[in-house]
Amino acid sequence: MVETLVLHVGPHKTGTTALQRAFAANAARLAHRGILYPVSGRSADCHAPLAEALRTGDTGPLDALAAEARGWRAVLLSSENLSASGSEALQALRIAFPQAEVRVSYTLRRLAALWPAHWAELVKHGQSLSFEDYMDLAARADETAPRAPVLPLQQLTRLTAVFGPGSLRIAIHDARTAQAQDIGPAFMDEMFGLGQDAPHFATDRCNPTPPGWETALVRLMNLHVAGRSDHLARRRMRLALLAALRDDPPGWLRGFTAATEQAPRSVLSSSHPLVQHQQSAVVAGFGHGFLDPAETYLAPIETAVFRSELQDLAPGMRIEVTALLDRIERSVTC
């Protein structure tokens with residue numbers, strides 16, 4: 001019987017990729033301790049397929065997970081998408097492990113930094129919405145996939161409704177990065193008390209937020225091919241575009257970078273009413289689960305987001321950018 005179920009739910013842009021790589025690389029070490037990092041519902045390092053199956057009501061991956069987990073003392077699941085799962089999906093997971101103590105690992109990051117980083121991640125994966133569009137979705141608490149903003153208040157409310165207030169273990173990303181603390185060993189010690197084994201889960205920084213000019217150019221590409229390509233094609237185009245810029249940088253790239261840096265910016269600060277509402281409500285409602293001082297979550301910060309549209313570019317640069325995007329699209333789709 002599974003005694004402990006640990007759900008590492010992210011959300012996005014809080015060091016999840018680094019942790020997932022550490023989990024997968026040390027699956028045998030976990031197994032030696034009686035902890036299963038399941039292959040059921042997992043693709044590469046994380047359980048995104050399981051989260052998607054729970055979202056759509058596909059019971060196959062969950063049934064396979066329950067079968068794989070028989071006889072294990074503890075199970076560790078990790079997917080950012082679990083943080084955005086609906087109540088029915090979370091309840092299905094609870095039912096699959098009825099006797100287990102559930103520990104939900106959730107990481108808070110100051111929203112004035114998290115929202116711009118998450119918006120850039122959405123652009124990286126093929127979305128074309130502007131940052132202003134993203135903020136509008138946040139203001140309306142619109143969690144429609146796949147472009148939903150990260151809304152900690154709503155996510156934590158659903159998680160506690162299913163797993164109980166006592167399930168929460170809430171880390172503060174900003175507190176740990178300020179102290180240069182490695183999140184891998186800290187996670188394993190806090191969730192499982194691994195002690196001497198915890199250092200083996202050291203993490204490397206990965207999946208950093210790209211520079212503003214890169215996000216601006218990739219978004220222009222997404223807009224350029226809107227309606228003509230699917231998610232996977234846009235992902236291939238992004239990789240081809242970045243490879244082309246690296247291997248044979250066009251003459252206009254330096255000018256584009258400068259133009260992007262000089263373009264109007266959206267500045268999001270901790271004094272923004274929506275940021276203040278979300279963060280203060282999270283502290284009031286879920287502070288009992290904090291593993292770090294709440295003050296580090298409420299500390300002032302602001303982030304500037306570059307705003308760039310194709311029509312904002314000089315005519316000559318616009319022609320050259322469009323020509324490169326056309327070549328990239330043909331190379332990927334032919």
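The figures here come from the full heavy-atom set of this structure, side chains too, leaving out hydrogens, waters and symmetry mates. It should be emphasised that the depicted structure is a prediction, and the values quoted were computed from it without experimental measurement.
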Residues, nucleotides or ligands: over 12 heavy atoms within 6.0 Å of [X] [atom1]:
X	atom1	result
Glu132	CD	yes
His32	NE2	no
Arg73	CZ	yes
Arg228	CZ	yes
Arg235	CZ	no

Give a yes or no answer on whether the side chain of [X] reaches the backbone of [Y] with a donor-acceptor pair at less than 3.5 Å.
X	Y	value
Arg42	Ala44	yes
Arg169	Glu190	no
Glu329	Met237	no
Trp252	Arg318	no
His118	Pro149	no
Asn222	Val123	yes
Ser331	Ile328	yes
Arg103	Val6	no
His224	Leu325	no
Tyr37	Asp45	yes

query = Is the distance between the ring centroids of Phe192 and Phe201 less than 6.0 Å?
reply =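 No - the distance between ring centres of Phe192 and Phe201 does not fall below the 6.0 Å cut-off.
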With a 4.0 Å cut-off, would you call [X] and [Y] a salt bridge?
X	Y	value
Glu309	Arg219	yes
Arg330	Asp326	no
Arg246	Glu214	no

inquiry  = Quick one, Val162 and Arg158 - any side-chain contact, counting heavy atoms below 4.5 Å?
reply    =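 No, their side chains stay 4.5 Å or more apart.
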query = Should Thr16 and Thr107 count as side-chain neighbours, where that means a heavy-atom distance under 4.5 Å?
reply =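 Thr16 does not reach Thr107 side chain to side chain.
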ask   = Do the side chains of Val2 and Ile35 join up, straight or via other hydrophobic residues, at under 4.5 Å, putting them in one cluster?
value =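 In one cluster with Val2: Ile35, no.
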Straight-line distance of Thr14 OG1 to Arg109 CZ, nearest 0.5 Å =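 The CZ atom of Arg109 is 8.0 Å from OG1 of Thr14, to the nearest 0.5 Å.
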